[in-house]
S.K.: 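Dumping the structure here so I can ask a few things about it.
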Amino acid sequence: MILGRDVVDARLCNPMTAVARGAAITAAEIDGLIPDTTISVATSRDLGLSFEAGGRRGFATLIPRYSTLPARGTRSAMPATRGAAKVVLEIVEGDGQRPADDERTFPLARLELRVPQPHSDPSSNVFDVDYHYDRSGILKVHAKARHSGTVILDEELDCFGPASTPIAQGLDRELERLLKRIEEPAVRDVAHSKEPTEGPVDPMLFPEAEESSNSPSLVVDGRGIMTAGRTAASPRPPSLSLLGSALKAIRHRYPDRRVVAVLRTDIVDAVEYDEQHYLDQAVAEGLIVTAPSASPQEVLSMAQQLDAVVVSMDDLTRFRTPYPWVTGSGRFVKPARVEWNWVFV
């Protein structure tokens, strides 16, 4: 959105170019290089609460879309019945005109407020809850008991914003196709070069896949693996060879699991030309799924749908509020590259 007007069609302005230019302009404004200019950041989606609504989940908007940061919304809450020990707040982000269980709605957090006097009348256990986006877009939730003023909750959520959108429709179609697979085909295995080099070898080092569609799943966040060892200033493109070697090690460690890697489309586009046909083949075989952003939250959302182990070089346990299962035993595995070998921690 520009100056409070309608959204610009992507055909008129490439989204990635717009992001880069916006970041540059914002940095210049922060450094004082653009006098008499104020740049405001706005929320990209409605923030709200999910509630039961006749078989579906309703969406109660707290902070509407396009609110200028910092932004604040308040709402009271109280137990539904006498004797309730807690009040649950299901915070979501999406389109407030759609149900909260719509595929475009992303669950941010499920917070619980302890009821101070469970056996008292619900009206004596009212909470005043404040939802506050700071200028950086960090969402903070503060709740206190209205009658006593006691602070019940004061929490900061770090899983929100444009990167926290639900899985895109394209990813949903890929996931549906993956789930319908009867048997996962293998890509031709090749002899691994013993020399410490990333190429030129067949980058898709998949062993034979014998598991069926009923095998438990494992989702790999390929973004960090393909750029392992690179810095922001590195001229080297993302390496499909690195991903191939990591997937081979993962399959060796988890031979009974159905492995699928998730890649962001800009990473896919940056792969070198001589590796592109291997990538296309892996995508066609369902071994790699591509998504517009493939943020950590989307990877976790996909793993949650598949009830899968998730492998990522990012610390995904920081998203334990909306995805508490990620801290469970064996559900999250972090790979590391040590002397040209992959280890798992």
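Worth knowing before you read on, the calculation uses all heavy atoms, side chains too, and leaves out hydrogens, waters and symmetry mates.
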S.K.: Mind telling me whether Phe344 and Tyr254 have parallel, tilted or perpendicular rings, with 30° and 60° as the class edges?
M.R.: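 Plane angle over 60°, so perpendicular.
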
S.K.: Can Glu112 and Arg110 be counted as an ion pair, charged N to O under 4.0 angstrom?
M.R.: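 Counted as a salt bridge, because a side-chain N and a carboxylate O are separated by less than 4.0 Å.
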
S.K.: Please answer: with hydrophobic residues joined when any side-chain heavy atoms are less than 4.5 Å apart, are Val343 and Val310 in the same cluster?
M.R.: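 No.
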
S.K.: Give the minimum heavy-atom separation between Val87 and Ala77, together with the two atoms involved.
M.R.: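 Closest approach of Val87 to Ala77: CG1-CB, 4.1 Å.
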
S.K.: Between His142 (side chain) and Val151 (backbone), is there a donor-acceptor pair under 3.5 Å?
M.R.: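 No, because the side chain of His142 does not come within donor-acceptor range (under 3.5 Å) of the backbone of Val151.
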
S.K.: Looking only at atom types and distance, does a side-chain atom of Arg257 sit under 3.5 Å from a main-chain N or O of Ser217, one as donor and one as acceptor?
M.R.: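 Present.
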
S.K.: If every non-hydrogen atom of Phe59 is compared with every non-hydrogen atom of Gly48, which pair is closest and at what distance?
M.R.: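 Smallest interatomic distance, heavy atoms only, reads CE2-CA, 3.7 Å.
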
S.K.: Can you see which heavy atom on Gln304 is nearest to which on Tyr323, and at what distance?
M.R.: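 The pair with the smallest heavy-atom distance is OE1-CD2, 3.2 Å.
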
S.K.: From Gln297 CD over to Leu316 CG, what is the distance, rounded to the nearest 0.5 angstrom?
M.R.: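 Between atom CD of Gln297 and atom CG of Leu316 there are 9.0 Å.
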
S.K.: Using modelled atom types and a 3.5 Å cut-off, is there a donor and acceptor pairing between side-chain atoms of Arg45 and backbone atoms of Arg65?
M.R.: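 No; judged by distance alone, with no hydrogens or angles, the pair does not exist.
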
S.K.: Can you tell me how far the CD atom of Glu275 sits from the CG atom of Leu240, to the nearest 0.5 Å?
M.R.: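 Between Glu275 CD and Leu240 CG, I get 5.0 Å after rounding to 0.5 Å.
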
S.K.: Does the side chain of Val262 reach to within under 4.5 Å of the side chain of Glu298, using non-hydrogen atoms?
M.R.: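 With C-beta onward as the side chain, the pair stays apart.
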
S.K.: Search all heavy atoms of Gly137 against all heavy atoms of Tyr133 and return the closest pair with its distance.
M.R.: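 Closest approach of Gly137 to Tyr133, heavy atoms only: O-CD2, 3.4 Å.
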
S.K.: Just wondering, do Val299 and Asp314 contact through their side chains at under 4.5 Å, heavy atoms?
M.R.: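 When only atoms from C-beta onward are counted, Val299 and Asp314 do not touch, as no gap falls below 4.5 Å.
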
S.K.: Can a donor-acceptor pair be found, under 3.5 Å and without considering hydrogens, that links the side chain of Arg251 to the backbone of Lys248?
M.R.: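 Looks like no, no N/O pair under 3.5 Å.
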
S.K.: Return the OG to OH distance between Ser241 and Tyr278, rounded to the nearest 0.5 Å.
M.R.: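 Ser241 OG to Tyr278 OH: 9.0 Å, rounded to 0.5 Å.
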
S.K.: Given side chains that start at C-beta, do those of Val141 and Ile91 come closer than 4.5 Å, heavy atoms only?
M.R.: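 Yes. Closest side-chain heavy atoms under 4.5 Å.
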
S.K.: Is a side-chain donor or acceptor of Thr321 paired with a backbone partner of Leu108 at a separation under 3.5 angstrom?
M.R.: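 No: the side chain of Thr321 does not pair with the backbone of Leu108.
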
S.K.: Are His147 and Pro116 side-chain neighbours, meaning at least one heavy-atom pair lies under 4.5 Å?
M.R.: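 Heavy-atom side-chain distance check fails, nothing below 4.5 Å.
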
S.K.: Considering only heavy atoms from C-beta outward, does the side chain of Glu90 approach that of Pro107 to under 4.5 Å?
M.R.: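 Result no, sub-4.5 Å side-chain heavy-atom pair not found.
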
S.K.: Give me the one residue out of Thr61, Val92, Leu139 that meets side-chain contact (heavy atoms from CB on, under 4.5 Å) with Leu47.
M.R.: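 The single option meeting the side-chain contact (heavy atoms from CB on, under 4.5 Å) with Leu47 is Leu139.
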
S.K.: Tell me whether Arg331 at atom CZ has more than 12 heavy atoms from other residues, nucleotides or ligands lying less than 6.0 Å away.
M.R.: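 Atom CZ in Arg331 is packed in, count exceeds 12.
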
S.K.: Decide yes or no on side chain to side chain contact (heavy atoms under 4.5 Å, CB included) for Val333 and Leu218, but give the supporting numbers first.
M.R.: CA-CA 10 Å; Val333 179; Leu218 185 148; over 6 Å; no

S.K.: Which of these, Arg72, Lys144, Arg75, sits in a salt bridge (charged side-chain N to carboxylate O under 4.0 Å, His left out) with Asp130?
M.R.: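 By the salt bridge (charged side-chain N to carboxylate O under 4.0 Å, His left out) criterion, Asp130 pairs with just one of Arg72, Lys144, Arg75: Arg72.
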
S.K.: What's the spacing between Leu111 CG and Ile152 CD1 if we round to 0.5 Å?
M.R.: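 Separation between the atoms: 13.0 Å.
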
S.K.: Could you tell me whether the side chain of Ile250 reaches within less than 4.5 Å of the side chain of Pro335, counting heavy atoms only?
M.R.: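 No, their side chains stay 4.5 Å or more apart.
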
S.K.: Do the side chains of Leu89 and Phe127 join up, straight or via other hydrophobic residues, at under 4.5 Å, putting them in one cluster?
M.R.: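 Yes, it is one cluster - the side chains of Leu89 and Phe127 are joined through contacts under 4.5 Å.
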
S.K.: Looking at Ala308 and Val219, what are the two nearest heavy atoms and their distance?
M.R.: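 In this case the closest contact between Ala308 and Val219 is CB-CG2, 4.0 Å.
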
S.K.: Assess whether a salt bridge exists between Glu155 and Lys140, defined as any Lys/Arg side-chain N lying under 4.0 Å from an Asp/Glu carboxylate O.
M.R.: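 Salt bridge: no.
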
S.K.: Just so I know, are the side chains of Glu93 and Ser44 near enough to count as touching, which here means a heavy-atom distance under 4.5 Å?
M.R.: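 Side chain of Glu93 against side chain of Ser44, heavy atoms only: no contact under 4.5 Å found.
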
S.K.: Let me confirm one number: the NZ-CG distance from Lys334 to Asp221, rounded to the nearest 0.5 Å.
M.R.: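 One gets 11.5 Å once the value is rounded to the nearest 0.5 Å.
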
S.K.: Between Phe332 and Val326, what is the shortest heavy-atom contact and its length?
M.R.: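 Closest heavy-atom pair between Phe332 and Val326: CB-O, 3.5 Å.
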
S.K.: I'd like to check Val259 versus Leu287 (side-chain heavy atoms, cut-off strictly below 4.5 Å). Are they in contact?
M.R.: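 Heavy-atom side-chain distance check fails, nothing below 4.5 Å.
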
S.K.: Indicate yes or no for a side-chain donor-acceptor contact from Arg82 to the backbone of His119 under 3.5 Å, with no hydrogens or angles considered.
M.R.: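 Confirmed, Arg82 side chain pairs with His119 backbone.
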
S.K.: Using the rule that two of Ile, Leu, Val, Met, Phe, Trp, Tyr join whenever any of their side-chain heavy atoms come within less than 4.5 Å, decide whether Leu306 and Phe106 are in one cluster.
M.R.: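 Leu306 and Phe106: one cluster.
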
S.K.: Say you draw a straight line from CG of Leu247 to CH2 of Trp342; how long is it, rounded to the nearest 0.5 Å?
M.R.: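 Reported value, rounded in 0.5 Å steps: 9.5 Å.
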
S.K.: Do Val129 and Leu49 share a hydrophobic cluster, counting only Ile, Leu, Val, Met, Phe, Trp and Tyr and linking them when any side-chain heavy atoms are less than 4.5 Å apart?
M.R.: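 The answer is yes; both residues are in one hydrophobic cluster.
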
S.K.: Applying a strict under-4.5 Å side-chain criterion to I, L, V, M, F, W and Y, I'd like to know whether Leu62 and Met78 cluster together.
M.R.: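 Looking at the clustering, Met78 is in a separate group from Leu62.
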
S.K.: Strictly distance-based, threshold 3.5 Å: is any side-chain N or O of Asp101 a donor or acceptor partner for the main-chain N or O of Arg56?
M.R.: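 Flag not set: sc Asp101 to bb Arg56 has no pair under 3.5 Å.
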
S.K.: Between the side chain of Ser67 and the main-chain N/O of Thr43, is any donor-acceptor distance below 3.5 Å?
M.R.: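 No, the answer is negative, given that no donor and acceptor are paired below the 3.5 Å cut-off.
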
